[in-house]
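Here is the structure we will look at.
By convention in this document, chain letters (A, B, ...) are assigned in the order of the sequence lines, proteins followed by strands, and residues within each chain are numbered from 1.
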Amino acid sequence: MSSVNTESGKPGCHKDTDNNTQHHNHENGSGPHDHVDSAAHQELIIEGAGCASCVGKIESALKAVPGVENAEMNFAQRTVSVIGNAAASDLLKAVEKAGYNAKLAAAENEDDALAEKEKADQVYYKRLMKETWIALSLGGPLMAYALITGEVNVNTTTERIAWLVVGILTFGVLYFSGKHFFVGAWKSFLNHSANMDTLIALGTGTAWLYSMVVVFFPDAVPDQARHVYFEATAIIIGLIDLGLALELKARGRTSEAIKRLIGLQAKTARVIRDDKELDIAIELVLLNDVVRVRPGEKIPVDGEVVEGHTAIDESMLTGEPMPVEKATGDTVAAGTINKSGSILFKATRVGKDTALAQIINMVKRAQNSKPPIGRLADVISAYFVPVVMIIAVASALTWLNFGPEPAVAFAIVSATTVLIIACPCALGLATPMSVMVGVGKAAEAGVLIRNGEALQTASKISAMILDKTGTITLGAPKVTDVLVAGEHDEKAVLRLAATLESGSEHPLAMAIVESAQERGIEMGKVSNFNAIAGHGVQADVDGKTLLFGNEKLMRERTIELGDFVEKAQALAAEAKTPMYFAVDNKLAAIIAVADPIKEDSIAAIKRLQHNGIRVVMLTGDNRATAKAVAEKAGIKEFFAEVLPEEKSKKVQELQMEGEVVGMTGDGINDAPALAIANVGFAIGTGTDVAIESADITLMRGSLHGLADAIAVSKATLRNIKQNLFGAFIYNVAGVPFAAGVLYPFFGLLLSPVIAGAAMAFSSLTVVTNANRLRFFKAQEH
Amino acid sequence: MMIINIAGLALIALIVWWFWLYKPKEAELGENDLVITVENGTYSPSRIKVPAGAPFEIKFMRKDQSPCSETLLIPELQISDTLPLNKLKTIQLPAMSSGEYAFHCQMQMYRGQITVK
C-alpha cells in the first residue's frame with residue numbers, strides 16, 4: 001500500500017475500507033472476500049407443504065446447499081427466505097429432492113401492477129363521471145328554474161307536491177351519485193374519525209333534510225324561510241364528483257416519472273442454459289445466468305460482461321448523454337440500451353436487487369415521504385374536520401340567536417355552506433403532490449433524492465463542500481512529469497517506482513504503475529514493503545532501498561533535496577501532485593501526478609456560486625496543489641491536507657459558522673462527512689452507484705447534477721409553499737365567509753352551490769399547480 | 001330558543017368527545033394474521049395492539065377506489081408503501097419499543113394507530 005502525500009493520505013483510506021457503504025459485493029460473490037452483508041436474499045414459494053413438520057425438512061434441505069447461510073420458512077405463507085450465495089436452480093432442486101415443489105417468488109411485476117392501477121383508475125374515473133352527470137342533469141335544470149323564476153318556496157299544496165317529487169329525485173341523486181360520501185362518513189363516524197366525506201355528507205344531508213321538512217311541515221318554519229335546497233344538494237354532489245374525477249386525472253400525471261422508470265424494464269431476457277438460448281420472462285432470470293443482448297436491445301438485469309464489447313446508452317438512468325463503452329469485466333445495468341455490439345453477460349443482480357429496481361423503489365419511497373414543511377398542515381388536517389363541524393354548529397346558533405329573519409333559513413344555509421366549503425383535501429394534498437412531481441423530476445435528471453427532508457434541506461443549502469478527487473476531478477490521475485536527479489535514467493526510475501507501488505490500489509500508485517505499463521516497462525520484485533502512515537512507502541527492489549513520499553518524509557530521513565524543493569513547488573502550482581523518490585537514501589526523482597478537472601466542473605461550480613452558494617473544496621492534497629486546483633476550478637476557499645477522518649470536522653466547522661452545509665463526495669471514503677452534513681451528496685459514476693449512502697445521489701459524475709438537485713429542490717419547495725399558502729388562505733378565508741361574517745357589514749352570504757364549486761376545484765387547483773413542476777427545467781448547461 | 005342553544009352546545013360537546021376524547025378499543029394482533037381493510041374512507045380495524053420487541057407483519061386489503069387510500073405511511077417507522085386495489089399487501093414491521101405509532105394515508109384522512117405494549 002502506498003501512503004503518499006495525497007487525498008487519502010493513509011493506508012486506511014484505500015478502496016477496501018470497511019466503511020464502504022456501496023453494495024459492493026452484492027453480486028453472486030463467490031470471491032474470497034465474501035461477507036455476510038453481501039449475501040443475496042432469495043425467496044421461494046413452496047407447494048405441497050401440508051404440515052408444520054415439513055418446515056424443518058425444507059429448511060435443512062436448503063441449508064445443506066453449498067453457499068446457503070440460512071433458510072427460514074414462513075409456514076403460514078408457504079415461503080422460504082434463503083440467505084446466501086447459492087444459485088437459485090440449486091435451491092429449487094434441493095426442495096424438489098426433499099419432496100416438495102418450489103418456485104422462485106417473482107419480484108413484484110411493476111409493469112403489471114401499474115397497468116392494473118391504471119385500469120382501476122379508469123374504471124373509477126368513469127364511475128365518477130357518470131355520477132357527475134346524473135347529479136348535474138337534475139341539479140342544472142333545477143338551478144336554472146330557481147334562478148329564472150326565483151320560485152323555490154313552498155306555499156301551496158301544488159308546490160308541495162311538485163317539490164316532493166323533486167325531493168325524491170334528489171334523494172335518488174344522493175343515492176346514486178353521493179352514496180360513497182354517506183357510507184364513508186358513517187364508517188368513519190363509527191371509527192371516531194371524520195374526513196372529507198363527513199363534511200360533504202353532513203352538508204348535503206342537512207340541506208336535503210331541511211328541504212324535506214319544509215315540504216312536509218311548512219308550518220314548522222317561518223313564512224320567509226320556506227325555501228328548498230334540492231338544487232344545491234344535487235349540484236354540490238355533482239361538482240364534487242367532477243372535482244374528484246378531474247383530480248384523479250391530474251394525479252395520474254404526477255407519477256409520470258415513475259412510470260417512465262418502470263417502462264425501462266425489459267420484459268424478457270435471452271439466457272443461455274445448457275448451451276441453448278431461451279427467451280424467458282425477466283422474473284425467471286436467475287443469478288449467474290448468462291444472458292445475451294443484441295444491438296438495440298435493453299439490458300434485462302444487472303450483470304458483468306463475459307464476452308464481447310459494445311457501447312451502452314445509460315442516459316435513462318444517469319442522465320449522461322454519451323454512450324459508455326463496455327468490455328469483458330465491465331458491469332451493465334438493467335434498463336439501459338445496448339447500442340452497438342452483441343454481448344454476453346453474467347447476471348449478478350436480478351429482480352428487486354437491480355440498480356433500476358432499487359432506483360424505482362427509492363423514488364417511490366421518496367415521493368411518498370414528506371418534508372418537514374408539510375408537518376403543520378398534517379397537524380391541522382388531523383383536527384380539521386371536527387373543528388369545521390363545530391364552526392358549522394356555532395355559526396347556525398349565532399344566526400338563530402342574532403340573525404335577521406328568516407333566521408332558520410340563514411342558519412341552515414350558513415351551516416351547510418361552512419361544511420361544504422371547508423376542504424381538508426387541498427391542505428392534505430398541498431405537500432405530497434409537489435414532492436411527488438419534484439422527486440420524479442429530479443430522478444429524470446439522474447438525481448435521486450432520498451426523502452422529503454433531504455429535498456427541503458437541499459433547497460436551503462448555503463455552503464457546499466466538494467471533495468476534490470473524483471468529485472471536481474476525474475479521479476483518474478496520470479503521471480505528468482518525471483524529473484530525475486543526477487545520473488538517474490527516467491525509465492529506470494519509473495520502473496523502480498512502479499515496482500514499489502505495484503501492490504497498492506491507491507489511485508496515485510495506480511497512475512504510476514499504469515504509466516510504466518504504457519511504456520512497456522517490466523516490473524521487478526518487491527520485498528520489505530512498509531507503509532509509513534500519512535507520508536509514503538518504503539521497500540526493497542533489486543537490492544536497493546526505495547523511499548517514495550512527501551517532503552516531510554524525505555526531511556525525516558535527512559535526504560538532500562537541493563533545488564528540487566522549488567521544482568516541486570512549481571509543479572504543485574500547476575495543480576500537479578509532486579512526490580519525491582529516493583534510492584538508497586539519495587533523491588532520484590520527483591514524479592508528479594495530476595488528476596484532470598472534469599470537463600464541466602468549472603461551469604457547474606459557477607452555477608452554484610451564481611446561486612449564492614459558498615463553494616469550498618476539501619482535499620488531502622498538499623496546499624500548493626490544492627490551491628492550484630481550486631484556482632483552476634474557480635473556487636476561492638479550500639481546505640488542504642485534510643486527513644480523511646478530519647473531513648467531517650470541516651463540515652462541522654462550516655455548520656458552526658451558521659451555514660447549511662452540503663457535502664459532496666464519492667460516497668466511499670466520505671461516508672461520515674456525508675452523514676454529518678445537512679445534505680450529503682454521493683456522486684456516482686454511471687449506474688454503479690452508492691444508492692444507500694447519501695441523502696441525494698447523483699447518478700452521473702457531473703457536478704451539474706448538484707446544481708440541478710438544488711434547483712429542483714428550490715422549485716419544489718416554492719411549489720409546496722404556493723400550495724400550502726393557497727390551501728390555508730382558501731380555508732381561513734372561505735370558512736368564515738361561508739359562516740356569514742361579512743353579512744353584518746356588506747349583506748353578503750355565500751351560496752352553498754358556489755361553496756360546492758369552490759371546494760371541488762380547490763384540490764384540483766393544488767394538483768394542477770403541482771403538475772406545473774413537470775415543466776421545470778434545470779438551467780441549461 | 002334556550003332549548004335549541006343547549007342542544008347546539010351539547011352537539012359541540014358531543015363532537016369533541018366523540019372525535020377527540022373517546023379512545024376506542026384496539027384489535028389485538030394474533031399470530032401475524034391480522035388484515036386491515038381499507039374501505040369507505042377508513043381502516044378497519046383502525047386501532048391495533050401488538051406486543052413490543054418482536055417484528056411482525058400486518059396485511060392490508062384495499063377495497064377503496066379513491067386514490068387517497070393508495071398510500072400507506074407509518075412515519076415513525078419510515079414506512080411508506082402503496083396498497084394495490086383488491087389485493088393483500090403485507091407490510092413488514094420491525095421490532096418496536098412500547099408506544100403508539102400512527103399510520104395514515106398521504107392526507108391523513110384515513111387514520112389508524114398501532115399500540116405497542
Side-chain angles (χ1 to χ4, degrees), chain A residues 74 76-77 108 113 116-117 120-121 123-124 127-128 180-181 183-198 244 247-248 251-252 364-370 377-378 381-387 389-390 393-394 396-397 400-401 424-425 427-429 431-433 436 451, chain B residues 1 4-24 31-33 37 39-47 57 59 62 64-73 75 78-82 84-87 89-90 102 104-112:
Chain A
N74 179 334
Q77 293 196 324
E108 207 174 307
E116 240 171 73
K117 177 186 148 47
D121 277 357
V123 171
Y124 187 49
R127 203 190 89 193
L128 285 171
H180 52 112
F181 299 124
V183 175
W186 178 244
K187 293 269 170 148
S188 334
F189 177 77
L190 292 182
N191 247 319
H192 296 265
S193 68
N195 54 29
M196 193 189 86
D197 291 343
T198 315
L244 286 178
E247 188 191 314
L248 189 70
R251 265 177 194 251
K364 270 188 175 173
R365 271 167 180 275
Q367 283 184 325
N368 286 335
S369 77
K370 244 179 227 180
D378 274 358
S381 43
Y383 294 98
F384 189 85
V385 178
V387 166
M389 285 156 70
I390 291 171
V393 176
L397 286 182
L400 284 173
N401 283 300
C425 291
L427 212 53
L429 280 172
T431 314
M433 285 298 122
M436 186 114 171
N451 54 33
Chain B
M1 202 57 223
I4 291 176
N5 282 337
I6 289 173
L9 293 175
L11 187 56
I12 291 177
L14 202 67
I15 292 171
V16 171
W17 174 74
W18 185 262
F19 292 108
W20 288 328
L21 303 180
Y22 183 83
K23 292 270 174 261
E31 291 289 309
N32 274 348
D33 57 358
T37 311
E39 199 175 10
N40 295 320
T42 53
Y43 296 119
S44 165
S46 64
R47 299 170 70 90
E57 49 193 38
K59 296 188 182 76
R62 175 184 157 219
D64 199 321
Q65 279 184 314
S66 158
C68 304
S69 60
E70 194 184 11
T71 308
L72 172 79
L73 297 171
Q78 307 214 319
I79 289 176
S80 89
D81 221 318
T82 40
L85 192 60
N86 295 324
K87 258 190 200 157
K89 169 90 183 189
T90 307
H104 49 77
C105 74
Q106 232 173 16
M107 290 156 49
Q108 305 223 21
M109 289 291 109
Y110 298 66
R111 301 170 66 86

Separation between CZ (B:R111) and CG (A:N191), nearest 0.5 Å, reads 12.0 Å
Heavy-atom nearest pair, B:L9 first then A:L397, reads N-CD1, 4.1 Å
One should read off an interatomic distance between B:T37 OG1 and A:K187 NZ, to the nearest 0.5 angstrom, of 9.5 Å
Assert top hit (heavy-atom pairs under 4.5 Å, partner chain B, pool A:P386, A:A396, A:P432) equals A:P386
Checked A:A120, A:G184, A:A185 vs chain B; the most non-hydrogen pairs under 4.5 Å come from A:G184
| Parallel, tilted or perpendicular: rings of A:H192 and B:W17 (30°, 60°) | perpendicular
For B:F19 and A:A194 the tightest heavy-atom approach is CE2-CB, 3.6 Å
When rounded to the nearest 0.5 Å, the distance separating CG of A:L244 from CD of B:Q65 is 12.0 Å
Checked B:C105, B:G112, B:S46 vs chain A; the most non-hydrogen pairs under 4.5 Å come from B:S46
Comparing B:P45, B:S66, B:P75, B:A7 against chain A, the one with the most heavy-atom pairs below 4.5 Å turns out to be B:S66
Shortest non-hydrogen pair, B:G41 vs A:S188, comes out as O-OG, 4.2 Å
Rounded to the nearest 0.5 Å, the CG atom of A:N195 sits from the OG1 atom of B:T42 at a distance of 8.0 Å
Is the shortest heavy-atom distance from the side chain of A:E116 to the side chain of B:L85 under 4.5 Å?
-> no
Whatever's closer than 4.5 Å to a heavy atom in chain B on A:Q367 counts as backbone
For A:A394 and B:I12, the nearest pair of non-hydrogen atoms, with its separation, is N-CD1, 4.3 Å
If one checks every heavy atom of A:N451 against chain B at 4.5 Å, the contacting part turns out to be neither
Assert top hit (heavy-atom pairs under 4.5 Å, partner chain B, pool A:L190, A:V123, A:N401) equals A:N401
For B:P67 and A:L248 the tightest heavy-atom approach is CG-CD1, 3.4 Å
When the 4.5 angstrom heavy-atom criterion is applied to A:F189 and chain B, the contacting part is both
Turns out that what part of B:I4 lies under 4.5 Å from chain A's heavy atoms comes down to both
Under 4.5 Å to a heavy atom of chain B? For A:Y383 that would be both
Cut-off 4.5 Å, heavy atoms of chain B, and the answer for A:R365 is both
So, the part of B:Y110 with a heavy atom under 4.5 Å from chain A: the answer is neither
Taking every heavy atom of A:I390 against every heavy atom of B:W20, the minimum-distance pair comes out as CD1-CZ3, 4.1 Å
